[in-house]
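The next block holds one structure in the form of structure tokens; read it before the comments.
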Amino acid sequence: MSDQHSHQNFETRAIHAGNTADPLTGAVVPPIYQVSTYKQDGVGGLRGGYEYSRSANPTRTALEENLAALEGGRRGLAFASGLAAEDCLLRTLLAPGDHVVIPNDAYGGTFRLFAKVVQRWGVDFSVANTSDVASVRAAVNDRTKLIWVETPSNPLLGITDIEAVAGVARQAGVKLVVDNTFASPYLQQPLALGADVVVHSLTKYMGGHSDVVGGALVAADAELGEELAYHQNAMGAVAGPFDSWIVLRGIKTLAVRMDRHGENATKVADFLTRHPKVTQVLYPGLAEHPGHEIAAKQMRSFGGMISFRVEGGEEAAVGVCDRAKLFTLGESLGGVESLIEHPGRMTHASVAGSALEVPADLVRLSVGIENVDDLIADLREALG
């Protein structure tokens, strides 16, 4: 993060970091540099360091500077998707024979990347309950290079004590990676708690409007940031200029959106806890949630994601998803509109039969910013 923005509050950084006025016209929003290559002033005479847009593009640079400022990191990097960011990170830091500790609850695509792609490359992994520090410590061995954490986790909303697990990572001499997608940097700052790298699907809360796909890495250390940037260029799955511009636009309202997501989710969770057909509500804002106290310590508030289990098993859960109308049935999350899904058949189908398999009676909600009374009315109808 540049010294220019280090003293500013989050909402100010979200609007201004990386968003300098265009020097030619004074435009207050960075232009979309829809360009592949750049005129050089003689061989090697680059203007601003730009030569080819896979390597760097001014619109993407604006986004990457913004991401670093929001997460309090030394280097931000934007990718074509969250999984592209994860792939770059893993291929930068790992080699055949290495080992990773992954959580027992995580995005299905992340598990698929480890189990079906990275493992074939000769990298092994162990599954640990990252909410239990002793479980993480026990899973580390002499080949471990990374500890991977999601908090809140997807889709069971588990909470990991980032500072405590960072202590385990330091003691073992390994890197700690935190997927901060569910929380966003507005609610949680993993680097300040000891993480080495933060991962984001920019598709979700950062973009915030279900109209862009993107991913990001933010590194705490400048040297690691340079290493990641080298591999980003070498591998090439970068965010395009228009996508970068869309995410930058979304980030400007991140703080106000997250406040509303959280307010609505709190009321929806309270409704669900009192519904007779709901057997369990998973939301870290509930006092009875096992990670509530840690979430209250390391998060500004509890976010907009809720999962719940219903009477009647899998078919009942699928029926709730089918009957919802205002909650749109669809994968993804973090948009202004509310979404509902059945993780077992949708986002987490890839973890079936593994240690990460999710309950068949589970429904996941991404609570949007609509009027919360309308959202509750829709769920009441869907539950029957």
Side-chain angles (χ1 to χ4, degrees), residues 71-73 82-83 85-87 89-90 92-94 98-115 118 123-141 144-185 187-201 204-205 215-221 224 282 284 289-299 302-303 305 348 351 354-356 358:
E71 286 287 5
L83 282 170
E86 293 184 9
D87 182 48
L89 175 63
L90 295 178
T92 300
L93 295 183
L94 300 176
D98 288 343
H99 172 263
V100 183
V101 178
I102 69 169
N104 64 347
D105 185 45
Y107 168 51
T110 298
F111 177 77
R112 183 176 58 231
L113 180 61
F114 277 105
V118 178
V123 172
D124 197 13
F125 64 88
S126 298
V127 176
N129 176 6
T130 59
S131 297
D132 177 5
V133 178
S135 175
V136 177
R137 187 178 290 110
V140 173
N141 62 44
T144 304
K145 294 295 188 291
L146 287 180
I147 298 172
W148 191 283
V149 164
E150 282 186 19
T151 183
S153 65
N154 182 5
L156 299 180
L157 283 300
I159 299 296
T160 296
D161 187 329
I162 297 172
E163 194 167 22
V165 174
V168 173
R170 281 194 305 273
Q171 187 175 25
V174 306
K175 301 290 188 189
L176 174 61
V177 177
V178 176
D179 186 332
N180 203 27
T181 298
F182 266 29
S184 87
L187 299 187
Q188 184 170 264
Q189 300 275 305
L191 300 183
L193 296 170
D196 296 288
V197 184
V198 167
V199 175
H200 278 285
S201 171
K204 313 305 193 295
Y205 286 111
L217 300 174
V218 181
D221 176 73
L224 176 57
L282 304 172
H289 189 287
H292 174 74
E293 291 185 6
I294 293 170
K297 178 184 73 172
Q298 68 187 20
M299 298 177 71
F302 303 105
M305 298 301 299
H348 288 70
V351 303
S354 77
L356 281 73
V358 300

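Since this is a predicted model, take the numbers as computed values, not measurements.
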Which heavy-atom pair separates [X] from [Y] by the least distance, and what is that distance?
X	Y	result
L224	D196	CD2-O, 4.3 Å
Q171	R137	OE1-NE, 4.2 Å
A295	P284	CB-CB, 4.0 Å
V351	V358	CG2-N, 4.4 Å
L193	A166	O-CB, 3.7 Å
D105	P155	OD1-CD, 3.0 Å

Do [X] and [Y] make a side-chain contact, defined as non-hydrogen atoms from C-beta onward lying under 4.5 Å apart?
X	Y	answer
L113	L90	yes
V199	L217	yes
M299	P152	yes
L93	L89	yes
L191	V218	yes
V177	I147	no
H348	L356	no

Roughly how far apart are [X] [atom1] and [Y] [atom2], rounded to 0.5 Å?
X	Y	atom1	atom2	answer
L176	I162	CG	CD1	7.5 Å
K175	L94	NZ	CG	12.0 Å
D98	L146	CG	CG	8.0 Å
S153	L156	OG	CG	5.5 Å
Q188	E71	CD	CD	8.5 Å
R112	S354	CZ	OG	12.0 Å

Check whether [X] reaches the backbone of [Y] with its side chain - one donor and one acceptor, N or O, closer than 3.5 Å.
X	Y	answer
H200	F182	no
E150	Y107	yes
H289	L157	yes
N180	A183	no
D124	H99	no
S131	I159	yes
Q189	P185	yes

Query raised in the report: If we ignore angles and hydrogens, is there a donor and acceptor under 3.5 Å between the side chains of T160 and T151?
Result: no

Query raised in the report: With no hydrogens and no angle check, do the side chains of S135 and N129 hold a donor and an acceptor under 3.5 Å apart?
Result: no

Report task. May I ask you to check whether H292 and F302 place their ring centers less than 6.0 Å from one another? Result -> yes

Requested in this report: May I ask you to check whether W148 and F125 place their ring centers less than 6.0 Å from one another?
Outcome: no

Query raised in the report: Should E86 and F114 be marked as a side-chain contact (heavy atoms from CB on, under 4.5 Å) after you check the CA-CA gap, both sets of side-chain angles, and the distance that decides it?
Result: CA-CA 10 Å; E86 293 184 9; F114 277 105; 5.6 Å; no

Query raised in the report: Does the side-chain contact (heavy atoms from CB on, under 4.5 Å) test come out yes or no for V100 and V123, once each step is laid out?
Result: CA-CA 8 Å; V100 183; V123 172; 4.1 Å; yes

